[in-house]
Amino acid sequence: MGKLGDISNDVTAIPKYGLKFKLSHTYPEDWSQDRIPTLKQLWQMSSLIIRYIFDYIYLKWKGKEPVMNYIKLQRAKQIYGVPIGGIGCGSIGRGYRGEFCRFQLRPGRYEYETIEANQFIVTIRDKDKNTLFQSTLSTYSKEFKKLKAWKSLINDNKCSYTGLYPRAWTEYDLTEFGIKLVCRQISPVIPHNYKDSSLPCAVFVWSIENISKEERTVTIALTFKNGIGTDDDKRATCSSKQFSFVNSEGVILYNTIDSIPCAYALAAKVKEGVNISKYLHFDPNSNGQDVWAQLYKDGKFNKILDHKKSDHYFGEMGSAIASQVTILPGMTEELENTLVWDMPVVTFFGKAKKYAKFYTKFFGSEKPTLKIVEYALKNYKNWEQSIYDWQKAVLDNPKLPDWYKGALFNETYYISDGGTVWFTIDEEDAKKLPSSDPRLQYGRFAYIEGHEYRMYNTYDVHFYASFALIMNWPCLQVCLQYDFRDSVFVEQPQKVRMLYDGKKAKRKVKNSVPHDLGDPFDEPYVRYNGYPIHDVSEWRDLNVKFVLQVFRDYCLLEGIKGIDREQYLADMFKACDTVMEFTKKFDEDGDGLIENSGMPDQTYDTWIMTGSSSYCGGLWIVALFGMTKMSENLNKREKEQEYSLLLHKGLKSFNDKLWNGRFYKFDCNKKNDNIIMSDQLCGHWYFRCSGFEYELFPKANVDSSLQTVFRNNVMLFGNGNMGAANGFTTSGKVDVCTIQSEEAWTGVTYALASTMIYEGMIEEAWHTAGNMHLTMKDKLGLSFDTPEALYEDKYYRAIGYMRPLSIWSIQLAMQQK
């Protein structure tokens with residue numbers, strides 16, 4: 001037995017930055033999503049609301065769920081810490097008080113359950129083997145509803161939590177019993193490491209320090225029940241078995257989740273001086289006395305006599321393991337646990353096709369559970385070193401504010417906890433792909449727009465969020481782009497009634513970019529556009545956002561291993577050219593600049609733009625520039641000349657129509673001349689992120705626009721502490737013409753701060769993004785639950801959202817400056 005492990009203490013030390021609380025912490029304010037729009041806003045949306053209600057009733061009658069449930073809105077629980085699990089393998093939430101909560105093991109669906117049978121339990125015994133103390137290590141609830149024999153006796157005011165995704169530390173001060181205990185939680189989320197980042201597991205390392213003058217014997221037990229906390233758990237068929245495999249021992253709990261086989265493995269690393277005991281079955285609906293009493297009496301579970309026995313049960317069941325170690329005075333020992341949830345093959349709710357998760361590429365799909373257990377316990381120290389190296393440059397940078405050092409990594413939680421799936425390409429699909437297609441090697445990646453907005457890879461939002469991928473897992477971004485490239489040429493003629501206007505439209509129109517790749521409650525990849533509100537083939541931003549991402553990716557992929565960026569550009573060009581041709585029809589007056597339709601025809605899908613707009617027009621201009629450069633790189637001279645001429649023409653129209661001397665106008669409707677849009681420079685933002693400067697938008701115009709936005713949308717909104725309101729008026733008031741104009745979008749605010757950094761407005765950038773983040777983190781309890789939108793007071797919208805991953809564009813701006 002040694003002291004701490006063989007990696008540097010700096011690697012395992014509790015960081016200075018991140019989410020840091022006492023376990024007794026409560027948030028000062030509790031906001032909700034229960035905001036009622038103004039009468040004017042309700043009148044504008046009245047037809048949509050009526051159609052939505054009828055559609056909701058119909059779906060419920062059919063036993064289905066709406067893609068966006070506006071009837072049953074989630075309220076932030078203000079409990080979440082760093083979730084566990086790799087990417088695309090299902091995630092399990094953990095509260096900062098130590099609970100297991102918010103399960104996302106069914107693809108794309110969240111269960112907001114906190115399961116009291118899922119616990120760590122500590123038992124401390126003295127040299128005479130008398131039990132001094134026993135308690136669950138979660139302080140979420142002091143009273144158990146079912147397992148009444150179990151007790152939470154921890155003094156939560158003496159214990160602390162630090163969350164810095166993908167790791168977390170909990171310090172338990174048990175000084176009165178001679179012990180200081182630290183739990184280190186590690187998930188394998190590692191940039192550029194595609195094998196380990198796909199694993200459905202977490203490792204918990206318990207550092208146990210004996211500060212008394214006599215030996216202590218300490219037990220850490222892990223208990224876990226079947227399922228995910230729903231009523232379906234009661235109808236499951238479960239079995240459990242103990243195992244001893246390489247350097248680990250534990251219990252496997254076999255169960256099903258929505259008829260999909262799942263194996264939970266509770267394991268401990270075998271070490272000299274560590275006694276590992278198992279409990280194959282306990283009833284999570286009992287008082288829990290059997291489990292509790294055995295630990296209290298002996299600090300371990302009774303010996304299992306039949307080592308070959310596999311117990312089968314119908315209904316709910318739990319299993320447990322316990323690791324016990326004796327620690328001499330003044331010494332520190334470690335216990336190592338891992339939790340694995342192995343669902344190698346899954347289906348969506350349409351059940352049209354089976355999908356193998358990406359980790360099966362390395363561990364197989366036939367009972368890989370124990371291989372993952374062994375691999376996790378063997379390699380977690382390497383994971384920690386890689387995570388430490390990734391974060392060190394940011395955490396040690398004195399030019400970066402403290403809030404940002406925690407925010408950058410903690411906002412990244414959505415990569416794994418965004419309803420994420422990551423699949424291999426099956427043999428049938430592989431035969432259709434050329435050998436150069438990166439999906440053959442890196443698979444297929446998707447995440448939902450929001451925990452409550454159930455659409456995979458919502459593209460207008462991913463446009464903002466994609467910086468987290470291109471900067472950390474660029475091969476996943478590229479694979480996602482290939483999926484969208486293929487979708488461009490697909491037509492799905494099924495007619496779908498749109499909720500906004502009641503008209504029927506094709507599910508997917510050929511030669512256009514879809515809004516999303518489908519609803520997990522249906523059949524993604526087979527049926528596109530789960531989004532039911534507008535005919536997205538008429539949207540002005542989707543097609544150009546595809547072009548802009550291809551161009552941005554190409555610029556940032558230089559020197560990235562695993563991707564041939566020239567091949568990527570060649571493979572994407574036809575789709576880019578096709579969607580640009582499709583989008584040209586929106587230039588109705590032939591001035592080289594597309595016009596909006598007088599409908600909400602872009603990502604702000606309640607906000608009407610009429611004629612040319614700074615948002616869509618700016619995106620179009622930069623897309624024309626990108627097409628010119630990409631044509632040049634591919635030696636397509638005719639295309640280069642075509643796009644160059646159109647760019648010159650469109651840029652003149654953009655400046656003539658939209659520059660008013662102070663900022664770029666919202667659109668060409670004179671009634672909107674007084675509206676200052678925070679996202680008016682979105683095109684310029686992408687332009688700068690792609691490595692260019694002022695070839696399109698004059699620096700003086702950019703600076704003036706940013707200063708106008710900062711003075712109004714930021715500083716006059718929520719006392720300058722709530723981010724940037726989407727719309728503000730020149731008279732100094734929030735634009736309330738629609739619900740979205742008066743919101744501050746968290747992801748857009750991060751993008752705005754990135755733009756400010758590019759333009760040298762460093763203090764303004766940190767104020768804009770930092771005050772918003774601190775409000776969510778310290779005041780509202782929205783960490784690991786970041787919403788799409790904040791209102792000025794009392795309300796937010798769409799918790800657990802994709803767009804805030806745009807915070808990585810701030811990091812890109814800092815790196816490029």
Side-chain angles (χ1 to χ4, degrees), residues 4-15 17-20 80-96 98-100 118 120 137 160-172 181-208 220 222 224 247-248 250 264-269 271 321 323 332-342 359 372-392 395 406 409-410 412-413 415-417 472-473 784:
L4 292 178
D6 56 3
I7 54 177
S8 166
N9 285 341
D10 290 340
V11 174
T12 61
I14 298 169
Y17 310 102
L19 184 70
K20 300 180 82 72
Y80 297 117
V82 175
I84 55 175
I87 298 172
C89 55
S91 59
I92 298 175
R94 293 213 69 207
Y96 66 85
E99 63 272 32
F100 290 87
N118 298 350
F120 285 105
L137 286 168
S160 302
Y161 178 86
T162 298
L164 187 66
Y165 182 84
R167 294 193 292 172
W169 294 256
T170 306
E171 303 169 79
Y172 297 94
L181 180 65
V182 178
C183 176
R184 205 164 74 248
Q185 171 187 300
I186 308 123
S187 292
V189 180
I190 305 163
H192 307 286
N193 183 332
Y194 297 90
K195 176 183 177 180
D196 294 6
S197 292
S198 69
L199 292 176
C201 65
V203 173
F204 303 90
V205 181
W206 299 89
S207 174
I208 310 167
I220 300 293
L222 170 59
F224 219 79
N247 291 319
S248 64
Y264 289 132
L266 289 60
K269 188 170 184 177
K271 298 170 68 172
I321 62 168
S323 304
T332 299
E333 301 290 354
E334 282 190 342
L335 297 175
E336 298 152 281
N337 295 133
T338 187
L339 174 66
V340 173
W341 50 99
D342 178 24
Y359 67 82
I372 298 171
V373 167
E374 188 269 335
Y375 188 85
L377 290 173
K378 181 180 178 181
N379 288 280
Y380 79 85
K381 293 179 181 179
N382 295 331
W383 301 345
E384 286 200 274
Q385 185 68 57
S386 296
I387 293 167
Y388 175 80
D389 292 341
W390 169 44
Q391 296 180 339
K392 187 176 188 301
L395 302 185
F409 298 109
N410 284 344
T412 311
Y413 85 99
I415 289 292
S416 65
D417 195 17
N472 296 293
W473 296 275
F784 307 103

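A quick note: this is a predicted structure, and the numbers were derived from the prediction, not measured. Reckoned from all heavy atoms, side chains included, excluding hydrogens, waters and symmetry mates.
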Item to check | Atom of Thr338, atom of Ala376 and distance for their closest heavy-atom approach | outcome: OG1-CB, 3.9 Å
Checklist outcome for this item: Residues Leu377 and Ser248: closest non-hydrogen pair is CD1-CB, 3.7 Å
Checklist entry - Are side-chain heavy atoms of Asn337 and Val203 found at a separation under 4.5 Å? => result no
Checklist entry - Rounded to the nearest 0.5 Å, how far does CD1 of Ile372 lie from CG of Asn379? => result 12.5 Å
Next on the checklist: Tell me every residue that passes salt bridge (Lys or Arg N to Asp or Glu O under 4.0 Å) with Lys378, counting only those two or more places apart in sequence or in another chain.
Outcome noted: none
Item to check | Atom pair OG/CH2 of Ser91 and Trp341 - distance to nearest 0.5 Å | outcome: 8.0 Å
Checklist entry - Listed by chain and number, what are the salt bridge (Lys or Arg N to Asp or Glu O under 4.0 Å) partners of Asp342, not counting sequence neighbours? => result none
Checklist entry - What distance do Thr332 atom OG1 and Ile208 atom CD1 have between them, rounded to the nearest 0.5 Å? => result 9.5 Å
Next on the checklist: Does any part of the side chain of Tyr375, heavy atoms only, come nearer than 4.5 Å to the side chain of Asp196, both counted from C-beta?
Outcome noted: yes
Item to check | Ion pair Arg184/Glu384, N-O distance below 4.0 Å | outcome: yes
Item to check | Side chains of Ser198 and Cys89 in contact at under 4.5 Å (non-hydrogen atoms) | outcome: no
Next on the checklist: salt bridge (charged side-chain N to carboxylate O under 4.0 Å, His left out), that's the test. Do Glu334 and Lys269 meet it? Break it down for me.
Outcome noted: CA-CA 10 Å; Glu334 282 190 342; Lys269 188 170 184 177; over 6 Å; no
Checklist entry - Can you tell me if Trp473 uses its side chain to pair, donor with acceptor, with the backbone of Ile190 under 3.5 Å? => result yes
Checklist entry - Just checking, Arg94 and Phe100: is the charged tip under 6.0 Å from the six-membered ring centre and within 45° of the axis? => result yes
Checklist entry - Which is it for Val11 and Lys381 under the side chain to side chain contact (heavy atoms under 4.5 Å, CB included) test, yes or no, and what are the steps along the way? => result CA-CA 9 Å; Val11 174; Lys381 293 179 181 179; over 6 Å; no
Checklist entry - Got Asp417 and Tyr80 here, is their nearest side-chain heavy-atom distance under 4.5 Å? => result no
Checklist entry - Strictly under 6.0 Å, is that where the ring centroids of Phe784 and Tyr413 end up? => result yes
Checklist outcome for this item: Separation between OG1 (Thr162) and CZ (Arg167), nearest 0.5 Å, reads 11.5 Å
Checklist outcome for this item: Separation between CD1 (Ile321) and CD1 (Ile220), nearest 0.5 Å, reads 11.0 Å
Checklist entry - Which pair of heavy atoms, one from Ile186 and one from Tyr380, lies closest together, and at what distance? => result CD1-CD1, 3.9 Å
Next on the checklist: Any non-hydrogen side-chain atom of Phe409 less than 4.5 Å from a side-chain atom of Tyr17?
Outcome noted: no
Checklist entry - Once you round to the nearest 0.5 Å, how far does OH of Tyr161 lie from CH2 of Trp169? => result 9.5 Å
Checklist entry - Between Leu164 and Leu395, is a side chain to side chain contact (heavy atoms under 4.5 Å, CB included) present by the stated rule, with each step listed? => result CA-CA 11 Å; Leu164 187 66; Leu395 302 185; 3.8 Å; yes
Next on the checklist: Would you say that Trp206 contacts Leu137 through its side chain, given a criterion of any heavy-atom pair below 4.5 Å between the two side chains?
Outcome noted: yes
Checklist entry - Can you list the steps and then say if Trp383 with Leu199 is a side chain to side chain contact (heavy atoms under 4.5 Å, CB included)? => result CA-CA 12 Å; Trp383 301 345; Leu199 292 176; 3.9 Å; yes
Item to check | For Ser323 against Leu335, the heavy-atom pair lying closest together | outcome: O-CD1, 3.5 Å
Checklist entry - Do Tyr165 and Pro83 come within less than 4.5 Å of each other through their side chains, counting heavy atoms only? => result yes
Checklist entry - What pair of heavy atoms forms the shortest contact from Gln185 to Val82, and how long is it? => result NE2-O, 3.0 Å
Checklist entry - Minimum heavy-atom separation for Ser416 to Gly86, with atom names? => result CB-O, 3.2 Å
